[in-house]
S.K.: 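Take this structure, written in structure tokens, and hold onto it; I'll ask about it next.
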Amino acid sequence: MPIEDYFEVLIDDKKLTAKLIAHKIPEEDFTEEEVIDFLKEEGIIFGINKKSIAILLADNGRISAPLVIASGKAVEHGTPAKLSPAIFTTGKEEGQSGGRIELRDVLNLENVTSGMVVGKKISPGRGINGMNVFGEVIQAKPGKDFTLRPGKNTRIDKDGEKIIATCNGLMSADEKMIHVQPVYEVPGDVTMKTGNIDFTGTVKIRGSVPSGFKIKAGGDITVFGSVEGAELESGGSVYVCEGIVSQGKGYIKANRDVHTSFANQATIYAGNHVFVSQSILHSKIEALGKVVCKEQRGNVVGGSISSGQGIDVNEAGNQMNTPTLFYLGVNENVMIKEKEARTLYEQSKESMLKLSKLYRVLEQKKLTSTLGAKDRLMMLKVQNNILTVNETYQKAKDDYEKAKSIMEHPEEAAFLINRHLHPNVSAYFGKYRRKIVARHERVTLTLNNSEITLTSL
């Protein structure tokens, strides 16, 4: 009987994997050439696995499970252009000791001086073409490019590739912009003498922030001690060296990232990522980007963790089976962020068009006649408004595109558990939920074809 009477080839949706299944036990032996000819008749000419063919022939065609007989080459799309902030070599802070050394070194950023290059643009990658098992080329998409924009107190060089500081201060990096912020420093703990802080630049607190206080900064907030039930709001990132112990009070809110050693009964909101080196206990964490807790013990127990782009931890839940919730990809917060960013984007876009039109009218008037004092003042105000609205427009556009990407590609968010996954942990991918009922080791949870799958790392 011909070989096709015994075997069938199954191809995955992306045409990258061909599997052989047996419908009945062959009554005769086949050669390698006959198997390859059979595959070619099925159109499979690339990535044929001769080791799999050897296994098939060694067992006289007796296979109880699908056998991967050919594998294509996955396409590698080009990496997007990105901004690479300058990295400064730092010394140790005074009073540094014990397990706090590493984190303190990370947070000890040097002040920059006017004229210093604080970042540069990394060009987008071209990507590498792939090929499916039928020998068809899978074209790689080039990485997305972007134009460098100056942040606060910075300028772009004439080639458009580097960002240069225009004043002395502390650097604060965004995904596509770098700011140099003036610095307000508290030499010790925040006290009644210090009071609440509301500063346009970067705030550095050498001590701790007790319950009840409010810290607001246009740039980053760095706390070298701990944060209790206080309210911290940052236009950049928040760094807390000695951990957050909120007892269910206060919150941390950052437009960018949040970095801390541990979080206990804390509430954290991040416009980008959250990095916790030790433990997250009974906390509420919401990040539009990733949540990472794996440097040391890396355990998450109780509370809820919400991430738009993925969660990476060492241990989820505990041996006491404490209920612990994880939300990935599209959720209510992502949808709210997308709606807010889209609305602001449309509003600022409309304002830009109106201001630009008014500016062109004034420029035309300037060419045909001498502008009076009122018109000159109006022109100056329009110029300043254009700069302000353009900054709002660009940020809203970036936020909208990020949230939109999460909503369009929910399957890209993954939940990685590098050590232990305990029972009574629930993972949500949008409207889909999977409750863990048994202990697992080193696994990942992903959303595939409307089903949450659990696979080994």
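It should be emphasised that the depicted structure is a prediction, and the values quoted were computed from it without experimental measurement.
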S.K.: Just by modelled atom types, is the V274 backbone N or O under 3.5 Å from a matching donor or acceptor in the D257 side chain?
M.R.: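 Not at all, since once roles are kept as given, no pair shorter than 3.5 Å links the two residues.
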S.K.: Looking at D159, I'd like to know if its CG atom is crowded, meaning that more than 12 non-hydrogen atoms belonging to other residues, nucleotides or ligands lie closer than 6.0 Å.
M.R.: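 Atom CG in D159 is crowded, with more than 12 foreign heavy atoms closer than 6.0 Å.
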S.K.: Salt bridge check: are R439 and E441 linked by an N-O gap of less than 4.0 Å?
M.R.: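 Yes, charged N to carboxylate O under 4.0 Å.
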S.K.: Quick check for you: to the nearest 0.5 Å, what is the distance between T324 atom OG1 and N318 atom CG?
M.R.: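 With rounding to 0.5 Å, OG1 (T324) is 6.5 Å from CG (N318).
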S.K.: Do other residues, nucleotides or ligands put more than 12 heavy atoms under 6.0 Å from K176 NZ?
M.R.: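 Enclosed: over 12 neighbouring heavy atoms sit under 6.0 Å from NZ of K176.
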S.K.: Inspect the surroundings of CD in E350 and state if more than 12 heavy atoms from other residues, nucleotides or ligands are less than 6.0 Å away.
M.R.: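 Atom CD in E350 is not crowded, with 12 or fewer foreign heavy atoms closer than 6.0 Å.
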S.K.: So, applying side-chain contact (heavy atoms from CB on, under 4.5 Å) with I205, which one of I215, T222, V240 is it?
M.R.: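 That would be I215.
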S.K.: To the nearest 0.5 Å, tell me how far I244 CD1 sits from F262 CZ.
M.R.: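 It comes to 8.5 Å.
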S.K.: Identify the heavy atoms of I36 and K50 that sit nearest to each other, and give their distance.
M.R.: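 Shortest heavy-atom separation between I36 and K50 comes out as CD1-CE, 4.3 Å.
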S.K.: Is there a side-chain contact between N314 and N299, using heavy atoms and a 4.5 Å cut-off?
M.R.: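 SC-SC contact between N314 and N299 ruled out.
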S.K.: Just wondering, do I417 and L445 contact through their side chains at under 4.5 Å, heavy atoms?
M.R.: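 They are in contact (side-chain heavy atoms under 4.5 Å apart), so the answer is yes.
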S.K.: Do NZ/NE/NH1/NH2 and the carboxylate oxygens of D145 and K121 come within less than 4.0 Å?
M.R.: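 A salt bridge links D145 with K121.
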S.K.: Where does the angle between the aromatic ring planes of H273 and F275 fall among parallel (under 30°), tilted (30 to 60°) and perpendicular (over 60°)?
M.R.: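 Correct class here is perpendicular.
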S.K.: Ring centres of Y345 and Y393 under 6.0 Å apart?
M.R.: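 Under 6.0 Å, so yes.
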S.K.: I want to check something: taking the side chain as every heavy atom from C-beta on, are F326 and V425 in contact at a cut-off of under 4.5 Å?
M.R.: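 Side chain of F326 against side chain of V425, heavy atoms only: contact under 4.5 Å found.
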S.K.: Between S208 and S226, is there a donor-acceptor pair closer than 3.5 Å when you use the side chain of the first and the backbone of the second?
M.R.: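 Judged by distance alone, yes, a pair lies under 3.5 Å.
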S.K.: Answer whether the closest heavy-atom distance between the side chains of I156 and I163 falls below 4.5 Å.
M.R.: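 Yes. Closest side-chain heavy atoms under 4.5 Å.
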S.K.: Looking at E451 and N448, would you say the former's side chain and the latter's main chain have a donor-acceptor pair under 3.5 Å?
M.R.: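 Checked: no pair found.
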S.K.: I'd like to check Q278 versus R297 (side-chain heavy atoms, cut-off strictly below 4.5 Å). Are they in contact?
M.R.: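 No - every pair of side-chain heavy atoms lies 4.5 Å or more apart.
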S.K.: Can you name the residues that form a salt bridge (charged side-chain N to carboxylate O under 4.0 Å, His left out) with K152, not counting sequence neighbours?
M.R.: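 Applying salt bridge (charged side-chain N to carboxylate O under 4.0 Å, His left out) to K152 gives none.
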S.K.: Looking at every heavy atom in both K144 and P124, which two are closest together, and how far apart are they?
M.R.: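 Looks like O-CB, 4.0 Å.
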S.K.: So which heavy atom on T166 is nearest to which on T154, and how close?
M.R.: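 Smallest interatomic distance, heavy atoms only, reads OG1-N, 3.5 Å.
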S.K.: What distance do S277 atom OG and K294 atom NZ have between them, rounded to the nearest 0.5 Å?
M.R.: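 With rounding to 0.5 Å, OG (S277) is 13.0 Å from NZ (K294).
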S.K.: Side chains of L344 and E346, heavy atoms from C-beta outward: is any pair under 4.5 Å?
M.R.: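 Result no, sub-4.5 Å side-chain heavy-atom pair not found.
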S.K.: Taking the side chain as every heavy atom from C-beta outward, state whether D312 and N418 have any pair of such atoms under 4.5 Å apart.
M.R.: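 Yes, side chains in contact.
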S.K.: Could you check whether K284 makes a cation-pi contact with Y269, meaning its NZ or CZ is under 6.0 Å from the centre of the six-membered ring and within 45° of the ring axis?
M.R.: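 The answer is no, since K284 fails at least one limit relative to Y269.
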S.K.: Nearest 0.5 Å please: distance from the CZ atom of F415 over to the CG atom of L454.
M.R.: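 F415 CZ to L454 CG: 9.5 Å, rounded to 0.5 Å.
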